[in-house]
Amino acid sequence: MREQAVILINAYTQSEAELYQPRRICEALRRRGIDARIERNLYFTERYRGDADFIVYLDKDRYCARQLEARGVRLFNRAAAIEACDDKMLTYLALEGAVPMPETIAGPLCYTPEAPLQGLEAVERLGYPLVVKECFGSQGKGVFLAKDREELVALAGRVKCRPHLFQKFIAESYGRDVRVLVLGGRVIGAMQRSAHGDFRSNAALGGSGARFVPDEACTKLCLTAAERLGLDYCGVDLLFGRDGFLLCEVNSNAFFAAFERATETDVADLYAAYMIRTIYGGFYDRDQNA
Ligand SMILES: Nc1ncnc2c1ncn2[C@@H]1O[C@H](COP(=O)(O)OP(=O)(O)O)[C@@H](O)[C@H]1O
Ligand SMILES: [Mg+2]
């Protein structure tokens, strides 16, 4: 019987950019002899017949991930790791004390949209400008900068009924950060991202990437974060702090297209090889057939 793998993507994903990554991983696995297929997470647990040796879990649906693990299948990444990364406040809590991060304050829960904001003095001690972030967000979409109280009130009002946090703005990192890719306890490369006219350097907002050589401290920080969170593969975003790097966030489902261009690394193939080694052991004979 052939070795089977599923690459599971979000039920409703449409954009070519989001389909690129699963296709690349699928091709890489097939080149290495794995019978890989892409499936949409549309009631996947109802359809799944238990035939996969492993699942490349590119969705963030925590319920499905947990159900699949309960049925004994190994996910890349594991469900708990995806959950901890998806929520920026949970990431912060998991890493607090282990790696340097900007000072962060969790926003209070609010279930009453019409309730007036209260207690913002508590976050003003972070100083202006300060960062307001939704806990669930990506591509820079839920990240804002408040330059004074008026903007803080407007932004806090906008996010108050969703999980959110307030964070010290790391001015030295304005418009630039470093994205480091970690795979299987190893840094496989890094790129510096530079924004064009924005404090956020996300590629999705037009930021451009250039190869970056991480030093020992940077490498150690990223490996510590990945290990603590139990991640097989991730992108660690680092801010340039006055006294060294600060961790900004960890992406369990980091896109690698821009990274591959900037670093000339075949991330899909490295990931495929890593998963095969992890599942079938070091003597997988088709490993060399690429
Ligand atoms: N505390 C901060 N200080 C300075 N810049 C920040 C800070 N937090 C985020 N940024 C900038 O905003 C970008 C997006 O923030 P991030 O937390 O990574 O959210 P997302 O998940 O949307 O990428 C970062 O890549 C960085 O350029
Ligand atoms: Mg980010």
Y48 six-ring face occupied by R71 cation (under 6.0 Å, within 45°):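 No; the conditions do not both hold, so R71 does not lie above the ring face of Y48.
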Between [X] and [Y], does any side-chain N to carboxylate O distance fall below 4.0 Å?
X	Y	value
E27	R32	no
D51	R37	yes
E134	K141	no

Evaluate side chain to side chain donor-acceptor pair (under 3.5 Å) for D59 paired with N10, printing each intermediate quantity in order. CA-CA 5 Å; D59 199 6; N10 180 265; 3.0 Å; yes
When you check the side-chain N and O atoms of N253 and Y233, is any donor under 3.5 Å from an acceptor?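 No.
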In terms of side-chain heavy atoms, does E260 have a donor or acceptor partner in T265 at a distance below 3.5 Å?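 Side-chain D/A pair, E260 to T265: absent.
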Taking the side chain as everything from C-beta on, heavy atoms only, tell me whether [X] gets closer than 4.5 Å to [Y].
X	Y	answer
C85	L231	yes
T104	K133	no
L29	Y271	no

Could you walk me through whether R47 and F44 pass side chain to side chain contact (heavy atoms under 4.5 Å, CB included), step by step? CA-CA 5 Å; R47 288 184 281 120; F44 181 70; 3.9 Å; yes
Qualifying residues under side chain to side chain donor-acceptor pair (under 3.5 Å), relative to [X], sequence neighbours excluded:
X	answer
S201	D177
E249	K88, N251
D232	R74, Y274

Using the six-membered ring wherever Trp is involved, compare the ring planes of Y174 and F199 and label them parallel, tilted or perpendicular (cut-offs 30° and 60°).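 The rings of Y174 and F199 sit tilted, inter-plane angle from 30° to 60°.
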Determine which pairs satisfy side-chain hydrogen bond (donor to acceptor under 3.5 Å, both in side chains) with at least one residue from residues 212-229, sequence neighbours left out, and list them in order.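 Every pair satisfying side-chain hydrogen bond (donor to acceptor under 3.5 Å, both in side chains) with a residue in residues 212-229: there are none.
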Tracing side-chain links under 4.5 Å among I, L, V, M, F, W and Y, which residues wind up in one group with I170?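 Its cluster partners, ordered by chain and number, are L239, L246.
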The criterion is side chain to side chain contact (heavy atoms under 4.5 Å, CB included); which residues satisfy it with E121, sequence neighbours excluded?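 In terms of side chain to side chain contact (heavy atoms under 4.5 Å, CB included), with neighbours along the sequence ignored, E121 is linked to E124, R149.
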Name the residue from V56, L68, L8 that meets the side-chain contact (heavy atoms from CB on, under 4.5 Å) definition with L75.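 That would be L68.
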Determine, stepwise, if the pair R66 / E83 fulfils side chain to side chain contact (heavy atoms under 4.5 Å, CB included). CA-CA 10 Å; R66 294 266 175 190; E83 274 178 48; 2.8 Å; yes
